[in-house]
Amino acid sequence: MILQLSFYLFSTVLVASAMMVVTVRNPVKAALFLVLAFFSAACIWMTLEAEFLSIVLILVYVGAVMVLFLFVVMMLDIDIARMREGFAKYLPVGIIVALGLIIELVVVLSGKAFQLASMPRPVGHDADYSNTKELGRLLYTDYVFPFEIAGLILLVAIIAAISLTLRRRNTKYQTPGNQVKVVKSDRLKIIKMKGQPGAES
Amino acid sequence: MDTLLSIWMWFPELLRVFVVNLALIVAIVVPLMICVAYFTFAERKVIGYMQVRIGPNRVGPRGWLQPIADAVKLMFKEIIIPTESNPYLFRMAPVLVLGPSLAAWAVVPFTDSWVLANIDASLLYVLALTSLGVYGVIIAGWASNSKYAFLGAMRSAAQIVAYEIAMGFALVGVLMAAGSLNLHDIVTAQSGGIHQWYFIPLFPLFIVYFISGVAETNRAPFDVAEGESEIVAGFHVEYSGMAFAVFFLAEYANMILIAALTVLMFLGGWQAPFDVAPFTWIPAFLWFGIKTSAVAFFFLWFRATFPRYRYDQIMRLGWKVFIPVTLVWIAVIGVFRFFTPFGHWFQ
């Protein structure tokens, strides 16, 4: 009973916040609603005993990706009035894309794989069942090659992103180590001079 | 007594579970809040003595009632909501900061048997919740509709994302050593005395984790998000009264949480350092408290000692020093686990 109630609660919040993401005007609020949508999706996964995936969803998407997303969205100065100008112009394209999406969803969801009969309720496990361990076992035995390939692609992407920032720029910068190591004799030269005759009286 | 028990059993099971858990939550949160209040007092006293002052000593005997006086004062102040701000988000932000830092205590094992929820992936749960706290800061900065608050929020967001990666990698080292994501199992894996605690084999990760924890809680020397010398008080400039007090409480609750997690993962949790007589007389939860206070003291010590980092220095330390250190040490642990004269740490 509790499980059903929590499922309906989280899925209502999920659907409502997903609706708000696309309808709300303010982009920052839209991003915050997206955070809420991710969070409720994670809660639904939790009720499926997929605690590892659900916490990782929170950790990666809510904790890191959306923070960076908000970071960018907050910096943008979006003029809502100007965005609404093009509404009529883009409407036909938008309708076509939306229709395409709806048709695809209907085709996929009405297929055999999504019938209730082919999706039985997953069997419950004991309290000492470790979701994480099972997932690790599966990833490193049955799916080890796809997993390694995905890892390699991500590694290449990271290296590519870093090498993009490594362009030699013509900027001057300080090396803090040298700044810290500086001593008096590097900056200050004391010269002994003879006093000029007549300068002092 | 029997009649009371029968009345109790007469309630539906759902209600009983609810009531018991609520009582347990109160039993954790109320002492925690008292600790937070006296931690603020301890901070003022400790920093006072470090700077050759006395610190607060007027309210109550030796100033002991100072935190209560502060709380009462803040409660009676008006909460000003700036015009042109976003009132809902503005009110929500302090709650979003405090909530995760309290919720994380649900999985903290105080002793071998005292834990509210002994869930399997509690380490991940803690990491996920500590990463949520940043939303409160970002929302507070944005909803205030103020330049300084906004700058503070931006700084805090970049800083927390940078240090969270280092923190996460440090925890990867811990879970490799313990072979479990459960905080209780991590502590029991360190049993046997001080030489078994993970701060010895995982020393670089211990340092990285604790310093990242200081950065994550926006404490000195990483408190650029507040940076009163350049951006007034950062994300909470516009907050007053109790709303400000909630931010303040959250900061101290987070510090205690980071200290407790450091103790659990690197300093043997509730276990005594030596398994001989005078040490085993002290009960387990007291050991946990003593160790947590000792680690929490470092937060105050740092604040009294170090000047604030510059923003680019913070970023360099996070991305270019801590993350490589943790990556190297994870590889080292992987080697140690299998080719080993050091195997006794990683059973």
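First the proteins, then the strands, lettered A, B, ... as listed; each starts at 1. Remember, predicted model here, so these are calculated numbers, not experimental data.
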*Could you walk me through whether B:N86 and B:N145 pass side-chain contact (heavy atoms from CB on, under 4.5 Å), step by step?*
CA-CA 8 Å; B:N86 190 317; B:N145 194 29; over 6 Å; no
*Is it the side chain or the backbone of B:N182 that comes within 4.5 Å of chain A heavy atoms, both, or neither?*
neither
*Tell me, for B:L127 versus chain A, whether the close heavy atoms (under 4.5 Å) come from the side chain, the backbone, both or neither.*
both
*Do the non-hydrogen side-chain atoms of A:F69 and A:V35 ever get within less than 4.5 Å of each other?*
no
*At a heavy-atom separation under 4.5 Å, does B:L89 approach chain A through its side chain, its backbone, both, or neither?*
side chain
*Pick one of side chain, backbone, both or neither for B:L181, based on which atoms fall under 4.5 Å of a heavy atom in chain A.*
side chain
*Contact winner vs chain A - B:G141, B:S131, B:S180, heavy-atom pairs under 4.5 Å*: B:S131
*N/O donor-acceptor pair under 3.5 Å between A:S54 side chain and A:A42 backbone*: yes
*Report the relative orientation of the aromatic rings in B:Y239 and B:F90; use parallel for angles under 30°, tilted for 30 to 60°, perpendicular for over 60°.*
parallel
*Considering the options B:I160, B:L257, B:I258, which one meets the side chain to side chain contact (heavy atoms under 4.5 Å, CB included) requirement together with B:T217?*
B:I258
*Which answer fits A:L57, side chain, backbone, both or neither, if we ask what part of it has an atom under 4.5 Å from a heavy atom of chain B?*
neither
